[in-house]
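Notes to accompany the following structure.
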Amino acid sequence: MLGSCLCGQIKYEVACFHPEITNCHCGMCRKFHGAAFATYGKVQSRDFRWLEGQTLLGTYQSSTAAERGFCTCCGSSLYYQFVGQEDQISIAIGTLDEEPSRSVDNSIFCSSRPLWSICNKDIPEHPEW
Ligand SMILES: [Zn+2]
Ligand SMILES: [Zn+2]
């Protein structure tokens, strides 16, 4: 599966997501994405490679446990990685350019979810604008 940032200068390839894809509702993911939650697919490093634009990657250490990666040109949130666990990377799957090979497995940090982000099935849905 191919993925890229918003400006398209950073491109990557994932062979498979394993062992899971997770919606994370924690406050750090919410702020890093500027969105209700982040969806991350875990990838073993042998199943992942950067194809282009790696020199544009910026990193931010959001806690002692993890570092987050983003595009320094367009600001796209791309990944997080636990410190000392360089054998796997969690990719922000909103940056995929095609459907992932598995669906979302679970949601975590649901107790951090603000009321506004709880999906209201009664609101109108539009195909585009
Ligand atoms: Zn970019
Ligand atoms: Zn999180």
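All ligand and atom numbering here is 1-based and tracks the order in the structure.
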- Which angle, to 10 degrees, forms at the Zn ion (ligand 1) with SG of Cys7 on one side and SG of Cys74 on the other? 110°
- Backbone or side chain, does Cys26 get an N/O/S atom under 2.8 Å to the Zn ion (ligand 2)? yes
- Applying side-chain hydrogen bond (donor to acceptor under 3.5 Å, both in side chains), run through Glu20 and Asn106 and close with a yes or a no. CA-CA 8 Å; Glu20 62 188 0; Asn106 50 45; 3.1 Å; yes
- Nearest 10° is fine: what angle sits at the Zn ion (ligand 2) between SG from Cys29 and SG from Cys24? 120°
- Query: Which distance, rounded to the nearest 0.5 Å, do you find between the CG of Asn23 and the CZ of Phe109?
  - Reply: 13.5 Å
- Is the backbone of Ile93 close enough, under 3.5 Å, to the side chain of Thr39 for a donor and an acceptor to pair up by distance? no
- Message: A cation-pi test, strictly: NZ or CZ of Arg102 under 6.0 Å from the centre of the six-membered ring of Phe17 and no more than 45 degrees from its axis. Yes or no?
- Response: no
- Query: Looking from the Zn ion (ligand 1), what is the angle between SG on Cys71 and SG on Cys5, to the nearest 10°?
  - Reply: 110°
